[in-house]
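What follows is one structure encoded as structure tokens, with my remarks underneath.
Because only heavy atoms are used, hydrogens play no part in the values below, and waters and symmetry mates are left out as well, while side chains stay in. Naming convention: chains lettered A, B, ... in sequence-line order (proteins, then strands); numbering from 1 in each chain.
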Amino acid sequence: MATAFTPYSYIQCPCSDITPTDRRSGGSPTTPEPDDDDRAFDPRAPRSSFSLYPLEYLMYCEDCHQIRCPRCVAEEIVTYYCPNCLFECPVCVGPLAVTSVETKPDPNLLAAPDNSAAPLAGPYALTCSYCLWTSTEVGIQFDKPNGIHAQLAKLRNGGTTRLTAKERKERRKDPSYKAQPPPPDSQDLDHEAQFANLKAFYQGQLADPNTADAGLALLGDLGFSSPTSLSRIMSIYTGGSLLHDKKAKTRLGAMREALDPDEGLLVASLDESAAISKLRSEGLDGTASTAQLVGQPPNMVEPPLHGNERFLDTLRPVPHLLRTKRSKRCPVCRHIISKPESKVQTTRFRIRLVAGSYIPSISIRQLALSSGTGSGTSASGPAVPGAPLEPLKPAHFLLTFKNPIFETIKVTLGAPATTPGRFASRVTVLCPEFEVDANTDVWDEALKNNAERDRELRRRRGESVSANSGGISSANQLEVGKIWERGRNWVSIVVEVVPASLALAPGNPPLREDEDVLEIPMFVRVEWEAEMAGDEVGAAPSRSNSEAREKRELAYWCVLGVGRIRQR
Amino acid sequence: MSSRRAPRGEYIETDTGNKVARKATLVGTQHIMLGGKTVIQPDAMIRGDLVRTIHPSSQSGGNAAPQNNTAISIGRYCFLSRNCCLRPPGRFYKGAFTYMPLRMGDHVFVGPGAVVQAASVGSHVHIGAGCVIGEFAIIKDYVRILDGTVVPPNMVIPSFSIVAGQPARVIGEVPEGGHEAFELRDLYKTVGNNPQPAPH
Ligand SMILES: [Zn+2]
Ligand SMILES: [Zn+2]
Ligand SMILES: [Zn+2]
Ligand SMILES: [Zn+2]
């Protein structure tokens, strides 16, 4: 109630049509009739919210002559790009900047006289410019102001360093390391290291001919531990032929599993007492919110199990998500209906068939009437926009249909007499059938010869002027079958609405969210004549052919949200 | 506070088609570049006085030639609503504080009461009412910033983003059919000393 209501019109994509006959393949002139009220569209049905889109979100297939929506188009990624090579704040998603960690200058030092060098001195931290979070809060700081990704990969929260996978590999090769006893626990084993160790272990197993032990041969090819299934599974997770081993195909039998951290065994630590005592001391303020945890990427540099990422000090800077440019295909004919240029810097599109260039837009404005109700009443300017509608009092809305195509279109509207749902408001479309002139060039218009223009002007004004000889544009008449106003490529008509009362009998469930919004389902049929489509394969582009006109039509449901009904 | 001649109209209309409200506050006009056909509504403020004091080219820093010293450049068909404020961002550079220029492309709508301290705002950008655009933010083309959004300093907003919230986050993508809605040619005609009604 607090904010003014903005009228809207949403259009239903034909992909939500669940009737078995394939009507959406288009081209066939037998478009379904909204014949009976059973077929009438209910914008409040739970399913409807998934098929209704504002016009800007809809595409149009020129081959199918049909609307396509974000839900039914097939997307293909044209290119990936990085919008910002730094990190996001794990607390508030603000951008993180590299800043120098404030270090007190050593008084004994022969202080750098050049003041300008001071802010560039290390160590460095990532600092949020919005909430002032800094990575030093989780014990992370950097020696260099550049190469943050690489430095971060070597740092655990708290500042302890870790070995990268490459360094571990080298360490394993080092004979002096082998001699040492294995580390006492698996604390050192983070996601990345565990995966690397397991991979190395299994690769060793596959290569070792002695593993063809027939101990569990019964399981054969199904064997969970058989080399065959192992190499198949591993090739799935390591991306392709990395582990492809032709010999393994013929070998059956089981292999042993990892036995220590060096082989990738990680024993789950089920002791949560540390987390519990930390929760006692720090309270809920010290814990991370669900949104913050969801925003965290998988932490590759910490041990994966139990107790991680629950407290604020386990959060890590989040790399920016990559963005994509995507092209879109028609789901039926597979033609491309949208294709951006692949260059990241440009915002141009090679192909961009948006529905707004093919079907009329509908804008909604409330009319304020000077007196009384019913037909023949004169109107005086627009009503207070967004004000609530009075129950049981007729209200009038101006629907303006703007034609984007270069042909005159005939529009036919159908709306149920009462809105569906618990509160049935009465709806009357005063002029359900009208023509909208073509979207001709403004200059074409100006260059038309005078006679033609006069005739046209007379025709345009004809409807309203003839209704009332004293009619002027600011006092149009409400009359059934007459349009309200007409312009170059647009027509305004009036819809009369008698909002229902929102009073509920005792015992009825209370008003649901947005149940007070008066939504009018409306079936729109657009008909026009176009030049014969030249895209038919084999159609000879002869002179006579180009003059042939074919009838086209497009029909769809839409919903008009006109206002909120006042609650008593 | 100074007395003015009786205004003929609310706006001063320049040769290049800019419509500048007499009640707008433009400080340091010699440092403000207007591309043409831009509307500046009453009580909007543009701080051209916050001009860059350090130039990477100048050796001594601070006494650069005052010419060619643009603090704020604004493209064509921009619309600066009432009470909005454009202010160049400032920072320490080689030990001294300096302002840096604010660049704005074409068809940029700045909503009422918004404060913009970005380093650059692309073309076809909508900045909603009451937004705060932090210092050195970079806003690319075809970006819609919903009312009341706070864009933190240094944030980079990629093209075709819809952002909202405090701090701002990307909440959606501008659909293919939504490009034309950024055009401000029609809005330009509806203000000035001879405003035309909005077309249907
Ligand atoms: Zn669809
Ligand atoms: Zn990057
Ligand atoms: Zn933050
Ligand atoms: Zn198609």
Options A/T347, A/L353, A/V354, ranked by heavy-atom pairs under 4.5 Å with chain B, top entry: A/T347

Most contacts with chain A, counted as non-hydrogen pairs under 4.5 angstrom, among B/N154, B/I138, B/I157: B/N154

Whether over 12 other heavy atoms sit under 6.0 Å from B/M100 CE: yes

Spacing of CG belonging to B/D141 relative to CD belonging to A/Q345, to within rounding of 0.5 Å: 11.0 Å

Close contacts, residues 319-331 of chain A versus chain B, judged by heavy atoms under 4.5 Å: A/R323, A/T324, A/R326, A/K328

Partner residues of A/Y10 under the ring-ring contact (aromatic ring centres under 6.0 Å, His included) criterion, sequence neighbours left out: A/Y8

Pick from A/G94, A/P70, A/C92 with the largest number of heavy-atom pairs that fall under 4.5 Å of chain B: A/C92

A/N146, CG atom: more than 12 neighbouring heavy atoms under 6.0 Å: yes

Partner chain B: residue of A/S338, A/G356, A/C89 with the largest heavy-atom pair count (under 4.5 Å): A/S338

Proximity of residues 79-87 of chain A to chain B, residues having a non-hydrogen atom under 4.5 angstrom: A/Y81, A/P83, A/N84

Heavy-atom pair with the smallest gap, counting every atom of B/P153 and A/P95: O-CG, 3.3 Å

Electrostatic pair A/K402-B/E180, nearest N-O below 4.0 angstrom: no

Neighbours of chain A found in residues 158-179 of chain B - heavy atoms under 4.5 Å: B/P158, B/S159, B/F160, B/S161, B/I162, B/Q166, B/P167, B/A168, B/R169, B/V170, B/E173, B/P175, B/E176, B/G177, B/G178, B/H179

